[in-house]
Structure formats: C-alpha cells, structure tokens
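Structure record follows, encoded as structure tokens.
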Amino acid sequence: MRRSMLFGLASITVCLTAALPASAGVPECGNIRFEGLSNCEVRVTGECSAGCSELGIYKTACATKLVQVCKTECTLSADAGCTDSCTEQCSGECDRGVAITCSHNCFKECTTTRDVECSGAVDAVQCAATWDANCDSECDAQCVTVDGDCYQHCIECCGGSCTADANMDCQTTCQNEEFEDCEHEFRANCDASCSGDGALFCNGKYIISGSQIPACVNALLAQGVSVEAEAEVTIGPDGIDGNLSAGMCAFRPASKASLAAPFAALAAVAGWLARRRKRSSHTSS
C-alpha cells in the first residue's frame, strides 16, 4: 500500500524544533545542512525552470557532494599545534563549569575564520560552501559517537575542527576542479524535474529535486519538523501526485523556548572560540 502525505498547494510551512540535529545534514536531503536556511520552496513549471537556469545556485549541493569525493585524496591529519592550542583553551572552559558538546560546538569552531578567509577568493560563495561542507564532514566524523565528559568533547571537537583546517586547501583545490561539471549536472537534474516532481530551493539555493523530495520531507518530519498543510497535494514515496504549482516553507522556531536549548551551548563557548582565534593570530604574527 502506497504511503502518502498531504502538503499545501498554496503553502508548506515547516517549523524547526530543538529536535533537529546540530550535525551536518539530512542524508535523504543530500546531506544539506538546514540550520539557518529559510524561504524554502518546492517549485515546478515556469518558476522552477527559472530557478534551475541560474548557475551558482548549486554551490551548497555541490560542495556537500564533492567533499566526499575529494576525501579520497585529502587525508591529512590534524596539526598538533592546532589541537593542543584548541583543547587547552576548551578544557579551561570545562574547568570553569561550561558544558562543551562536540556536536554543537565543532562546526562553530571550525567556521570562525571562514568569512575572512573567503573574502579574497575568486568565488567567495563557493569558497564558503566548500568550507562549510569540509567542516561538517570532519566534525560529524569526530563527534557522532562521543561518549565521555566535557574534556572528551573538547578533544573530539578540536580534533574535527583541526582536521578540517589541515585539509581545507586540498578540499578547495580538488573541488574547484569538479565544481563546474557538478553544477551542470545538478542543473540538468533540476530542469528534468520541473515538469514533474519539481525541485526544492531554500534561500534561493538548490537543495534537491524530483522523486527525492518525499524522502527528504519524511526525514525532516522524523527529526522533529512539523508540517502544516493547506489544500491537497499528495506526495508519496516515489514522487508528487498532482500539480504542485507552488509551495512555500518557512523555517522558524516553534517557540522562543525552543531556541534556548540548542543555542545555549554555543553562547557559552563563544568566549573560548574568540580567544582561541585571537591568540592564534597573535602567535602567528
């Protein structure tokens, strides 16, 4: 028996809850990170085709895909100086009673200097996408099975961040060689889906298309994302049944209270992240 869900013909409102993991992305959604994304739309027909035609909207999707491709050659270990400096300062926060959680803090630590480093890149958006994907990949690998006290979380968090740092140049060079072909591939997939199942865009960025959309939405629901539906458009496991002429999903916290838990840890460690970068800057100058 074919399972199906009802989504809004006019709008699809998705509210993130604290249950959405702080780790990288959802596998069924191409491993895209959904934190911070908003204005998500499932597009078909004309609006979909217009979005697909814009090369450059595939940066997030391509970086997330290519970071795994490039991992076969980007295999450097974390620099000891990086991990020692990071864990020393992080452990100091543990001594002061700050709760450090690897899965919450590693990506933040890893991307602290991203915007500055990418500001001089030929393609700053692509640089940032590559940076995020590399940090996500290494932090997830390091943090997914952490079982220990605050100090252990510090060690793993810094290990993931510093491993990403060690391989950043390699990832950038490797992905640069593949990015154009990747964007054309995603554009072709997007174009082909516009007259059928459509494509999902968030903040104008291409996320996923075609029959993969139902599995993506199901995975989000399973991780605590609530969906409000208006009208009747049936999305089954193999695609969209019916003409989804427009769909809008806006990411927003379910309540102010739900914001507190996931961001408390980040706020608590903001000090050691900033001091680490500042201290590293003074040391290298």
Distance-minimising heavy-atom pair for [X] and [Y]:
{"X": "Cys118", "Y": "Ala128", "answer": "SG-N, 3.5 Å"}
{"X": "Gln171", "Y": "Leu66", "answer": "OE1-O, 4.3 Å"}
{"X": "Thr83", "Y": "Cys158", "answer": "CG2-O, 4.1 Å"}
{"X": "Cys94", "Y": "Ile100", "answer": "SG-CG1, 3.9 Å"}
{"X": "Ile57", "Y": "Glu54", "answer": "CG1-O, 3.1 Å"}
{"X": "Gln175", "Y": "Ala63", "answer": "OE1-CA, 3.4 Å"}

Measure from the side-chain N and O atoms of [X] to the backbone N and O of [Y], and report whether any donor-acceptor pair falls under 3.5 Å.
{"X": "Thr75", "Y": "Lys71", "result": "no"}
{"X": "Tyr58", "Y": "Cys52", "result": "yes"}
{"X": "Ser85", "Y": "Gly81", "result": "no"}
{"X": "Glu138", "Y": "Cys162", "result": "no"}
{"X": "Ser91", "Y": "Glu88", "result": "no"}
{"X": "Ser137", "Y": "Asn134", "result": "no"}

Determine whether the interatomic SG-SG distance for [Y] and [X] falls below 2.5 angstrom.
{"X": "Cys48", "Y": "Cys190", "result": "no"}
{"X": "Cys154", "Y": "Cys86", "result": "no"}
{"X": "Cys106", "Y": "Cys157", "result": "no"}
{"X": "Cys110", "Y": "Cys135", "result": "yes"}
{"X": "Cys170", "Y": "Cys70", "result": "no"}

Exercise. Checking side chain to side chain donor-acceptor pair (under 3.5 Å) for the pair Glu156/Gln152: CA distance, chi angles, key distance, verdict?
Worked result: CA-CA 6 Å; Glu156 301 302 334; Gln152 187 63 38; 2.7 Å; yes
For this session: Have a look at Asp132 and tell me which of Lys59, Arg33, Lys108, Arg114 forms a salt bridge (charged side-chain N to carboxylate O under 4.0 Å, His left out) with it.
Result: Arg114
Exercise. Does one hydrophobic cluster hold both Leu55 and Phe186, with members joined at side-chain heavy-atom distances below 4.5 Å?
Worked result: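 Yes, same cluster.
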Exercise. Is the CG atom of Asp84 crowded by more than 12 outside heavy atoms at less than 6.0 Å?
Worked result: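 Yes, CG of Asp84 has more than 12 neighbouring heavy atoms, counting only those of other groups under 6.0 Å.
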Return the [atom1] to [atom2] distance between [X] and [Y], rounded to the nearest 0.5 Å.
{"X": "Asn189", "Y": "Gln212", "atom1": "CG", "atom2": "CD", "value": "8.0 Å"}
{"X": "Leu76", "Y": "Met168", "atom1": "CG", "atom2": "CE", "value": "12.0 Å"}
{"X": "Asn105", "Y": "Glu109", "atom1": "CG", "atom2": "CD", "value": "9.0 Å"}
{"X": "Arg96", "Y": "Cys150", "atom1": "CZ", "atom2": "SG", "value": "10.5 Å"}
{"X": "Cys102", "Y": "Asp147", "atom1": "SG", "atom2": "CG", "value": "12.5 Å"}
{"X": "Cys62", "Y": "Glu180", "atom1": "SG", "atom2": "CD", "value": "10.5 Å"}

For this session: Report the relative orientation of the aromatic rings in Tyr206 and Phe201; use parallel for angles under 30°, tilted for 30 to 60°, perpendicular for over 60°.
Result: perpendicular
Exercise. Passes side-chain contact (heavy atoms from CB on, under 4.5 Å), Thr130 versus Phe179? Steps please.
Worked result: CA-CA 10 Å; Thr130 296; Phe179 234 93; 3.9 Å; yes
For this session: Under the side-chain contact (heavy atoms from CB on, under 4.5 Å) rule, what do Ile32 and Ile208 come out as? Steps first, then yes or no, please.
Result: CA-CA 9 Å; Ile32 299 296; Ile208 208 163; over 6 Å; no
